[in-house]
Amino acid sequence: MSAVEVAARPATGGVGVPFRFLRSELSLIARRRRNQAGLAVLAAVPIVIAIAVKVASPTSAGGGEGAPQFLSSISGNGLFVALAALALEIQLFLPIAVAALAGDAVAGEANVGTLRYLLTVPVHRTRLLAVKYAGIVAGAFIATATVAGTGLVAGLVLFGGGDVTLLSGTTIGMGEGLLRLLAICLYLTACLAALGAVGLFVSTLTEQPMGATIAIVMVNMLSWILGVIPQIDWLHPYLLTHWWENFGDLLRDPVAWDPVRHGLLSAAAYIVIFLSAAWARFGARDVTS
Amino acid sequence: MTAFAVESCGLTKRFGRQVAVNAVDLAVPRGAVYGFLGPNGSGKTTTIRMLLGLIRPTSGGHALLGERMPGGAATVLPRVGALVEGPGFHPYLSGMDNLRRLDAADRTARAATADARIRAALDRVGLGAAAGKRFRAYSLGMRQRLALAAAMLASRDLLILDEPTNGLDPQGTREVRSLIGALAAEGATVLLSTHLLSEVEQVCSHVGVMHQGNLVAQSTLEDLRAEAAPRARVRTDRPADAARVLRELGLTEVTHDGDSATGVLGPVAPEKAVATLVHDGVPVSGFAVVAADLEEQFVALTGEGFDVSG
């Protein structure tokens with residue numbers, strides 16, 4: 001790019017400060033009371049788990065049939081509080097958090113009338129979708145990291161740290177354990193980003209953010225429900241949520257990469273398809289809100 | 001550089017089978033304050049949304065400040081301030097933060113000057129004291145003012161204002177009028193959509209009238225007024241005789257009541273009418289030439305009645 005072009009075309013985020021619009025979007029999400037309250041609820045779950053296990057220990061430390069994944073390992077190492085909380089919250093709480101952000105993304109702006117003013121600033125519609133999606137993905141990561149972080153702290157306080165005994169029986173150091181926890185957070189963020197892409201598309205269809213959020217949660221629930229019907233097992237690998245619980249494979253030694261790779265590919269496919277759909281829909285839409 | 005700040009050619013929008021805007025050829029000269037008049041539902045807002053690229057015309061096209069739209073949106077819209085169909089802001093952000101967000105979204109805006117520009121815009125609309133209040137706590141008039149401040153965040157060459165005095169008290173209305181005058185004096189072109197005729201008479205240099213999706217009149221305010229046939233009004237204690245004389249002179253639509261007679265002057269010079277009346281022995285206690293007021297013309301163009309155009 002020549003100097004003239006650089007001068008003629010200001011940087012992505014406005015003159016002077018890079019990514020100014022993206023920052024504004026993130027602060028809009030972060031300052032919203034509803035989102036703060038939601039994050040607090042997400043953080044409460046691992047604390048409840050840790051206290052419950054601590055109070056019941058050692059008699060019921062074994063967990064028993066039907067107990068959530070990783071629960072039985074908690075008394076051995078506090079790290080497992082984070083994992084148990086993630087395993088519980090990935091089914092409903094984390095998807096609801098993403099659905100709330102994604103539902104709001106375009107429909108929320110349309111609903112309060114800010115969409116028409118953003119577009120006449122002007123914000124190019126593709127740029128608006130890109131910033132909105134970046135906000136959703138950032139929100140998904142922060143939500144996941146909050147669950148993991150609170151779980152880790154609560155677990156370390158109540159049960160202590162030390163070497164981590166993996167599902168496959170081998171033992172790794174606490175440092176590697178933390179690395180793997182981070183990898184799990186990133187994997188789950190990718191999974192939730194796929195739901196976020198579906199959500200962004202849904203959000204371009206309506207001016208009612210609450211309706212969009214409910215629709216996104218229903219998509220998520222439908223995927224879980226279809227996933228437990230054995231008669232349609234041919235469909236299962238294509239379901240949005242099919243690979244999500246495979247985050248546990250990152251805790252094997254050696255790591256079971258195959259399902260993780262499938263999960264990431266599946267998420268990428270959902271992201272590409274639904275972001276394209278959102279772009280096609282929103283790019284051509286008459287904004288009458 | 002073209003002479004027009006807003007120029008459209010056959011701009012048309014259909015929603016399903018309904019034609020909301022039908023082949024509108026707008027021509028807003030640079031520097032004009034253009035009153036965009038029309039009853040509710042006549043297609044004003046749809047036209048404005050098309051001008052700003054919010055909705056796509058079914059056919060036809062337009063240019064803003066000489067740039068074809070929507071292709072030129074990225075370069076031309078930063079120079080256009082807009083108020084479309086009322087204020088739209090995040091309820092839980094303060095007025096100040098709402099403007100910060102809009103400024104952050106503008107690629108051409110300098111971050112370093114943002115706070116100063118936002119302050120200036122808020123002061124200009126008289127919202128300086130309420131800048132830190134949440135938008136949801138604003139009254140309708142304050143909301144309208146904030147929307148005007150948003151339209152003035154940067155220096156603009158064109159302002160497209162859809163009913164800017166909606167919800168304002170009489171004092172606020174006056175302030176907005178003087179604001180529009182000041183913007184025009186600074187060289188900006190203003191396209192002002194309204195259904196308040198007094199507003200048009202006081203601030204506009206040009207007028208366009210929409211009716212059922214059609215632009216039924218477009219001219220300078222002066223020309224529109226000149227089109228209105230001036231009437232002669234004679235005050236006399238013998239109105240019937242005065243009416244007869246006026247009729248003989250060639251005035252049309254002559255009527256009389258208790259103490260006066262009126263008629264459309266047409267080509268007859270008013271001096272001649274007075275001379276003839278006096279010559280024929282009709283005592284004239286008063287004589288005036290009155291132009292039809294804008295309201296009558298407006299009604300003539302758009303029809304009577306309270307029905308919203310469908």
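Each chain gets a letter, A, B and so on, in the order its sequence line appears, and its residues count up from 1.
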I'd like to know whether CZ of R136(B) has more than 12 heavy-atom contacts from other residues, nucleotides or ligands below 6.0 angstrom. no

Which bit of D103(B) comes within less than 4.5 Å of chain A, counting heavy atoms only: side chain, backbone, both or neither? both

Using the rule given for side chain to side chain contact (heavy atoms under 4.5 Å, CB included), can you reason through L54(B) versus D286(A), listing the C-alpha separation, both sets of side-chain angles and the distance that settles it, and then say yes or no? CA-CA 6 Å; L54(B) 290 172; D286(A) 280 348; over 6 Å; no

How about CH2 on W279(A), more than 12 heavy atoms from neighbouring residues, nucleotides or ligands closer than 6.0 Å, or not? no

A114(B) and R20(A): which non-hydrogen atoms are nearest, and at how many Å? CB-NH2, 3.5 Å

Is it the side chain or the backbone of R33(A) that comes within 4.5 Å of chain B heavy atoms, both, or neither? side chain

Stepwise side chain to side chain contact (heavy atoms under 4.5 Å, CB included) test for R31(A) and L93(B): CA-CA 9 Å; R31(A) 288 171 61 183; L93(B) 291 185; 4.1 Å; yes

For S27(A), which atoms come within 4.5 Å of any heavy atom of chain B: side chain, backbone, both, or neither? neither

Any heavy-atom pair between the side chains of R101(B) and T114(A) that's under 4.5 Å? no

Part of A73(B) lying under 4.5 Å from any heavy atom of chain A: backbone

Heavy atoms only: give me the nearest A105(B)-V123(A) pair and the separation to one decimal. CB-CG2, 3.5 Å

Would a 4.5 Å heavy-atom cut-off, applied to side chains only, mark D106(B) and F21(A) as touching? no

Determine whether more than 12 heavy atoms belonging to other residues, nucleotides or ligands lie under 6.0 Å from atom OH of Y92(B). yes

Are the side chains of R49(B) and R116(A) in touch, meaning some heavy atoms are under 4.5 Å apart? yes

Examine whether an atom of R56(B) lies under 4.5 Å from a heavy atom of chain A, and if so say whether it belongs to the side chain, the backbone or both; otherwise answer neither. both

Atom pair CG/OH of L99(B) and Y117(A) - distance to nearest 0.5 Å: 11.5 Å

Under 4.5 Å to a heavy atom of chain A? For F15(B) that would be side chain

For P78(B), which atoms come within 4.5 Å of any heavy atom of chain A: side chain, backbone, both, or neither? both

I55(B) vs T288(A), test: side chain to side chain contact (heavy atoms under 4.5 Å, CB included). Steps then yes/no. CA-CA 7 Å; I55(B) 62 182; T288(A) 52; 3.9 Å; yes

What do the steps show when you test R32(A) against H90(B) for side chain to side chain contact (heavy atoms under 4.5 Å, CB included), and what is the final call? CA-CA 10 Å; R32(A) 186 138 183 211; H90(B) 290 287; over 6 Å; no

